[in-house]
Enquirer: 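What follows is a structure written as structure tokens; I'll ask about it next.
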Amino acid sequence: MDNEKLVQLVTLEVMRQLKQKPAAIQEDVALAEHKALAIFTGGTIGFEQGLAEIKKIQNLNFSVTVVLSAAAEQIMGIDRIKAELGSHTTIVTAHSTYPGDVLREAELVLVPVLTQNTAAKLAHTLSDTMISTLILQGLMMGKPVVAALNAADPMDSWRLQANMGKASPGLLKALRTNLQKLAGYGIQLVQVTALAEEGQKLLGRKNKTSAAGLANKKSVLDAVAIKNAAANGAKSITVSWGTIITPLAKDVAREYGVEIILEQ
């Protein structure tokens, strides 16, 4: 086979794969019903398990955008993330622009690796990094935030196995106080192996609350409804108890001779 023929074959194969890959990516995006943000800080405790939990979330029909702190990018690497979650996964790094739109669209914020450093920043409401800013803004937007506490827990089994369970009572108290503050701010702290399950529960609870809020929303009788009823020849309108009748609706009802009847 001459060189020209070989080049043609290679070119054709590359073109074929380039055509297939975007189609697969488009299919994944189109099938995703929910959106989540997964924020990795630079710890190693629980990283592998956290990555597996994010994979579970993907399998629950979530499109996940991954945010890496500078330390996380250095320790874990983008290639490792893409190898586990797919090459189409969007990854934001410390060098990227602030992903404000991604945060606004996310229904769920997950922190698979919460380091003691990030926990301390959040406990003191410090927004001096992209990571802490995203988490605090997510809380202020009312988004469910679930964090794996393993890397921040001074008495976690991984730390004990690494002979790091000898902190003074004062230090232990300070580190635990940070976690208590985060729980008070609304962050759901769980073991890393429960990350996906808890995230799904919180999202389901929030959706139920929203649906209940809509169901409990009171009806409103306004002037337009009165005019429409009068135009159709109605002499009365029956409304249920609890219906809000605007002052203008009452005036228009008197003017048009339409009686408003409260349903018994």
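We number each residue from 1, following the sequence as shown. The shown structure was predicted, so the numbers you read here are calculated from the model rather than taken from an experiment.
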Enquirer: Testing the basics here: between Ala38 and Val64, what is the closest heavy-atom pair and its distance to 0.1 Å?
Expert: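 Answer, listing the atom of Ala38 first, then Val64: CB-CG1, 3.8 Å.
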Enquirer: Could you state the interatomic distance from CE (Met76) to CZ (Phe40), rounded to the nearest 0.5 Å?
Expert: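 Going from the CE atom of Met76 to the CZ atom of Phe40 covers 6.5 Å.
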Enquirer: With the side chain counted from C-beta on, respond yes when Val67 and Leu37 share a heavy-atom pair under 4.5 Å apart, and no when they do not.
Expert: yes
Enquirer: Val192 and Trp158: side-chain contact (heavy atoms from CB on, under 4.5 Å), yes or no, with the steps?
Expert: CA-CA 12 Å; Val192 64; Trp158 274 300; 4.2 Å; yes
Enquirer: Minimum heavy-atom separation for Leu182 and Ala123, please, with both atom names.
Expert: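 What the structure gives for the nearest pair is CD2-N, 3.5 Å.
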Enquirer: Hey, are the side chains of His95 and Glu73 touching, using non-hydrogen atoms and a 4.5 Å cut-off?
Expert: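 Yes, at least one pair of side-chain atoms sits under 4.5 Å.
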Enquirer: Taking C-beta and beyond as the side chain, do Pro112 and Ile54 meet within less than 4.5 Å on heavy atoms?
Expert: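 Yes, side chains in contact.
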Enquirer: Treating Ser63 as the side-chain partner and Lys35 as the backbone partner, does any N or O pair qualify as donor plus acceptor under 3.5 Å?
Expert: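 Answer holds: no.
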Enquirer: Do Glu105 and Thr65 have side-chain heavy atoms sitting under 4.5 Å apart?
Expert: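 Not touching, per the 4.5 Å side-chain cut-off.
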Enquirer: Minimum heavy-atom separation for Leu60 to His34, with atom names?
Expert: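 Nearest heavy atoms, Leu60 then His34: O-CD2, 4.4 Å.
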Enquirer: Would the distance check show the side chain of Arg159 and the main-chain N or O of Ala152 forming a donor-acceptor pair, the cut-off being under 3.5 Å?
Expert: no
Enquirer: Indicate yes or no for a side-chain donor-acceptor contact from Thr89 to the backbone of Leu85 under 3.5 Å, with no hydrogens or angles considered.
Expert: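 Checking the backbone N and O of Leu85 against the side chain of Thr89, a donor-acceptor pair under 3.5 Å is found.
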Enquirer: For a quick test of reading the model, state the closest non-hydrogen atom pair linking Tyr185 to Thr125 and the distance between them.
Expert: OH-CG2, 3.9 Å
Enquirer: Out of curiosity, Gln116 CD to Leu175 CG, how far, rounded to the nearest 0.5 Å?
Expert: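 Here the interatomic distance stands at 5.0 Å.
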Enquirer: Drop me the distance from Leu110's CG to Ile57's CD1, to the nearest 0.5 angstrom.
Expert: 5.5 Å
Enquirer: Could you tell me which non-hydrogen atom of Asp128 sits nearest to which non-hydrogen atom of Thr133, and how far apart they are?
Expert: N-OG1, 4.5 Å
Enquirer: Minimum heavy-atom separation for Ala249 and Leu221, please, with both atom names.
Expert: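 Looking at all heavy atoms of both residues, the closest pair is CB-O, 3.5 Å.
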Enquirer: Given 3.5 Å as the limit, does a donor-acceptor pair link the side chain of Lys143 with the main chain of Arg104, or not?
Expert: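 Yes; judged by distance alone, with no hydrogens or angles, the pair exists.
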Enquirer: Where the side chain of Ser132 meets the backbone of Leu126, is there a donor-acceptor pair that is under 3.5 Å apart?
Expert: yes
Enquirer: Looking at CG of Leu136 and OG of Ser127, how far apart are the two atoms once the value is rounded to the nearest 0.5 Å?
Expert: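 OG of Ser127 is found 4.5 Å from CG of Leu136.
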Enquirer: Once you round to the nearest 0.5 Å, how far does CG of Asn178 lie from OG1 of Thr118?
Expert: 11.0 Å
Enquirer: Hey, are the side chains of Thr41 and Asn117 touching, using non-hydrogen atoms and a 4.5 Å cut-off?
Expert: no
Enquirer: Just do the side-chain contact (heavy atoms from CB on, under 4.5 Å) check on Asp156 and Gln191 with the steps written out, would you?
Expert: CA-CA 10 Å; Asp156 182 82; Gln191 295 295 317; 4.3 Å; yes
Enquirer: Would you check, one step at a time, whether the test side-chain contact (heavy atoms from CB on, under 4.5 Å) holds for Val111 with Ile187?
Expert: CA-CA 10 Å; Val111 188; Ile187 297 177; over 6 Å; no
Enquirer: Within a radius of less than 6.0 Å around CD of Glu255, do more than 12 heavy atoms belonging to other residues, nucleotides or ligands occur?
Expert: yes
Enquirer: Mark yes or no for whether Glu53, through its side chain, and Ala196, through its backbone, hold a donor-acceptor pair below 3.5 Å.
Expert: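 Checked: pair present.
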Enquirer: Just by distance, do the side chain of Tyr98 and the backbone of Met130 share a donor-acceptor pair under 3.5 Å?
Expert: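 No, the answer is negative, given that no donor and acceptor are paired below the 3.5 Å cut-off.
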Enquirer: Are the side chain of Asn150 and the backbone of Gly46 linked by a donor-acceptor contact shorter than 3.5 Å?
Expert: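 Pair absent, no side-chain N/O of Asn150 close to backbone of Gly46.
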Enquirer: Any Lys/Arg nitrogen of Lys82 or Asp79 sitting under 4.0 Å from an Asp/Glu carboxylate oxygen of the other?
Expert: no
Enquirer: Nearest 0.5 Å please: distance from the OG1 atom of Thr193 over to the NZ atom of Lys56.
Expert: 7.5 Å
Enquirer: Assess the residue pair Glu197 and Gln200 against the criterion (side-chain contact (heavy atoms from CB on, under 4.5 Å)); give the C-alpha distance rounded to whole Å, side-chain angles, the decisive distance to 0.1 Å, and a yes or no.
Expert: CA-CA 5 Å; Glu197 182 182 358; Gln200 193 181 20; 5.7 Å; no
Enquirer: Got a sec: does the NZ of Lys173 have more than 12 other heavy atoms crowding it under 6.0 Å?
Expert: no
